[in-house]
**Q** 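Below you'll find the structure I mean.
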Amino acid sequence: MSDAHHPPFPLLSASDPSSFDRARDALADADTVDGFGVDVAATLAWSVRTGARRPRTLAATWDLLAATAVRDVAAARILEPHLDALGILDEADADGLDRSGSWGVFAAEAPGMRLRAIRDGRGWRLSGTKPWCSLAAHLDHALVTAWVDDERRGLFALDLRDPAVVARPGPWHARGLQAVVSAPIDVDAAVARPVGEPGWYLRRPGFAHGGVGVAACWWGAALPVRGALRETARREGADQLSRTHLGRADAALWAARVALAETAAVFDGGASSSPGLRAARVRTIVADAVETTLAEAARALGPLPLVADEGHARRVADLQVYVRQHHGDRDLARLGAAVAEGDGAW
């Protein structure tokens with residue numbers, strides 16, 4: 001059960017073939033990177049090259065993310081926030097900001113940890129602790145949310161190479177995404193540049209776009225698992241159960257593909273009046289499809305590929321961690337609340 005087979009590209013849509021040229025170039029480059037997804041430095045260097053020639057449409061960007069995840073889940077996890085950060089800077093029209101090097105986006109919160117932004121005569125400085133800062137020890141820069149008062153957060157560009165920023169090595173005992181360490185950073189009066197006004201990060205249309213980009217990674221990461229189910233169902237003597245497992249995974253991933261492709265077309269066309277709600281629906285559909293595929297693979301394939309096939313075992317472990325960025329019933333509750341309040345037109 002190898003991950004070497006790459007499905008035909010594009011995966012989601014081919015409505016404008018020319019818009020996918022940059023994505024094709026990035027994928028061809030990825031196939032030449034030694035240690036792709038495992039060697040963080042090499043994968044980050046590829047991400048920086050990809051960011052410099054990133055696709056111009058969401059359809060092509062999400063296809064690139066999905067196809068990257070087909071090749072390696074961790075590589076997609078490394079690429080996605082870099083492209084997201086560059087997209088945010090474009091959306092903010094942040095002229096004069098050095099965009100070179102590798103970027104992350106750190107916007108999570110956790111009990112007992114708070115990063116504050118304080119304005120003085122020289123500008124803004126950040127102090128405190130920020131949780132869930134993926135690859136902070138490897139990145140050059142990050143867009144970081146910080147509290148400007150007790151109720152509002154602003155977005156700031158932070159130089160992670162500043163001695164005032166210290167990336168903790170853990171705790172990180174993950175069996176999946178082992179190389180993508182997501183641990184806190186401690187910040188002591190580090191100079192930072194505001195990007196947008198307080199609250200802009202969550203209000204902007206691109207927030208919904210970025211959320212669906214993550215879902216595209218989940219979806220692409222599940223395709224080789226479907227491929228393993230297909231191999232089993234094609235074998236001589238395969239029974240009806242193996243085909244039932246494949247059929248259930250295939251239908252779920254097909255539905256997720258339709259949702260992703262339609263949403264890319266809507267967002268690229270600028271026609272969505274409720275981008276956040278649409279993104280929440282798509283993320284839920286994709287997360288459910290991924291969970292279904294993993295469950296069907298566990299039943300159909302048994303323990304052998306999890307202990308004897310390094311590529312399959314690492315993919316499953318990586319995907320199980322990655323898809324937990326979806327918060328399950330909590331995200332469903334927020335979706336249901338939006339619909340209940342009248343924001344649910346189809």
Side-chain angles (χ1 to χ4, degrees), residues 2-91 94 97-105 134-135 138-141 143 179-180 206 209-224 227 257 260-261 263-265 267-269 311 315 318 322:
S2 170
D3 290 347
H5 173 66
H6 300 159
F9 182 83
L11 302 174
L12 296 173
S13 172
S15 58
D16 180 10
S18 64
S19 68
F20 292 85
D21 290 345
R22 294 186 179 194
R24 289 189 184 89
D25 291 344
L27 294 170
D29 188 8
D31 291 337
T32 69
V33 176
D34 189 27
F36 189 65
V38 178
D39 185 325
V40 171
T43 307
L44 273 175
W46 169 77
S47 297
V48 172
R49 294 195 300 271
T50 300
R53 59 190 183 202
R54 63 192 184 280
R56 300 185 185 280
T57 66
L58 289 173
T61 299
W62 295 349
D63 245 311
L64 168 61
L65 290 171
T68 300
V70 168
R71 288 157 169 77
D72 188 273
V73 184
R77 179 66 183 85
I78 292 169
L79 173 64
E80 186 278 325
H82 178 70
L83 295 186
D84 190 33
L86 295 179
I88 293 168
L89 292 174
D90 285 346
E91 198 172 4
L97 186 67
D98 179 11
R99 303 188 187 193
S100 64
S102 54
W103 286 79
V105 181
S134 300
L135 295 175
H138 298 271
L139 297 172
D140 298 309
H141 312 278
L143 294 175
V180 188
H209 302 167
V212 181
V214 173
C217 294
W218 301 338
W219 180 78
L223 294 185
R257 177 188 180 276
L260 285 164
T263 298
F267 282 173
D268 277 332
R315 174 171 297 277
D318 287 349
Y322 199 178

**Q** For residues 34-55, which residue pairs qualify under salt bridge (Lys or Arg N to Asp or Glu O under 4.0 Å), counting only residues two or more places apart or in two chains?
**A** D29-R49, D29-R53, R54-D90
**Q** Roughly how far, to the nearest 0.5 Å, is the CG atom of L44 from the NE2 atom of H138?
**A**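 Output value for this atom pair is 7.5 Å.
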**Q** Can you give me the closest heavy-atom contact between V105 and P81, atom names plus distance?
**A** CG2-O, 3.7 Å
**Q** Quick check: closest heavy atoms across S47 and I78, and the distance to 0.1 Å?
**A**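 Reported closest heavy-atom pair: OG-CG2, 3.7 Å.
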**Q** Listed by chain and number, what are the side-chain contact (heavy atoms from CB on, under 4.5 Å) partners of A264, not counting sequence neighbours?
**A** A59, W62
**Q** Ion pair present between R24 and D21, side-chain N to carboxylate O less than 4.0 angstrom?
**A** yes
**Q** Just grab all the ring-ring contact (aromatic ring centres under 6.0 Å, His included) pairs involving residues 26-52, residues at least two apart or on different chains.
**A**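 Those involving residues 26-52 are F36-W46.
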**Q** If I take atom CZ from residue R71 and atom CG from residue L223, how far apart are they, to the nearest 0.5 angstrom?
**A** 11.5 Å
**Q** In terms of the angle between their ring planes, are Y322 and W218 parallel, tilted or perpendicular, with boundaries placed at 30° and 60°?
**A** perpendicular
**Q** Search all heavy atoms of A60 against all heavy atoms of P55 and return the closest pair with its distance.
**A**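 Minimum heavy-atom contact is CB-CB, 3.5 Å.
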**Q** Which heavy atom in D63 sits nearest to a heavy atom in P10, and how many Å separate them?
**A**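 Heavy atoms only, the tightest pair is OD2-CB, 3.3 Å.
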**Q** Give, for atom CG of L143 and atom CG of L97, the distance between the pair rounded to the nearest 0.5 Å.
**A**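 Reported to 0.5 Å precision, the distance equals 8.0 Å.
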**Q** What are the two closest non-hydrogen atoms of L11 and R257, and how far apart are they?
**A**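 So the minimum-distance heavy-atom pair works out to O-NE, 2.8 Å.
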**Q** When you look at CZ of R56, are more than 12 heavy atoms from neighbouring residues, nucleotides or ligands closer to it than 6.0 Å?
**A** no
**Q** So, using side-chain contact (heavy atoms from CB on, under 4.5 Å) as the criterion, who are the partners of V48 when residues are at least two apart?
**A** H82, S102
**Q** Hey, does L64 have a side-chain heavy atom less than 4.5 Å from the side chain of L83?
**A**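 With C-beta onward as the side chain, the pair touches.
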**Q** Under the side-chain hydrogen bond (donor to acceptor under 3.5 Å, both in side chains) test, which residues partner T61, sequence neighbours left out?
**A**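 By the side-chain hydrogen bond (donor to acceptor under 3.5 Å, both in side chains) rule, T61 matches no residue at all.
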**Q** Where is the tightest heavy-atom contact between L58 and D268, given as atom of each residue plus distance?
**A** N-OD1, 2.9 Å
**Q** Under the side-chain contact (heavy atoms from CB on, under 4.5 Å) test, which residues partner A74, sequence neighbours left out?
**A**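 side-chain contact (heavy atoms from CB on, under 4.5 Å) list for A74, sorted by chain: D72, L177, V180, D318.
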**Q** List in chain and number order the residues that pass ring pair (Phe, Tyr, Trp, His ring centres under 6.0 Å) with H141, two or more places apart in sequence or in another chain; answer none if no residue qualifies.
**A** W103
**Q** So, using side-chain contact (heavy atoms from CB on, under 4.5 Å) as the criterion, who are the partners of A76 when residues are at least two apart?
**A** T68, A69, C217
**Q** About how many Å separate CG of D84 and CD of E91, when rounded to the nearest 0.5 Å?
**A** 9.5 Å
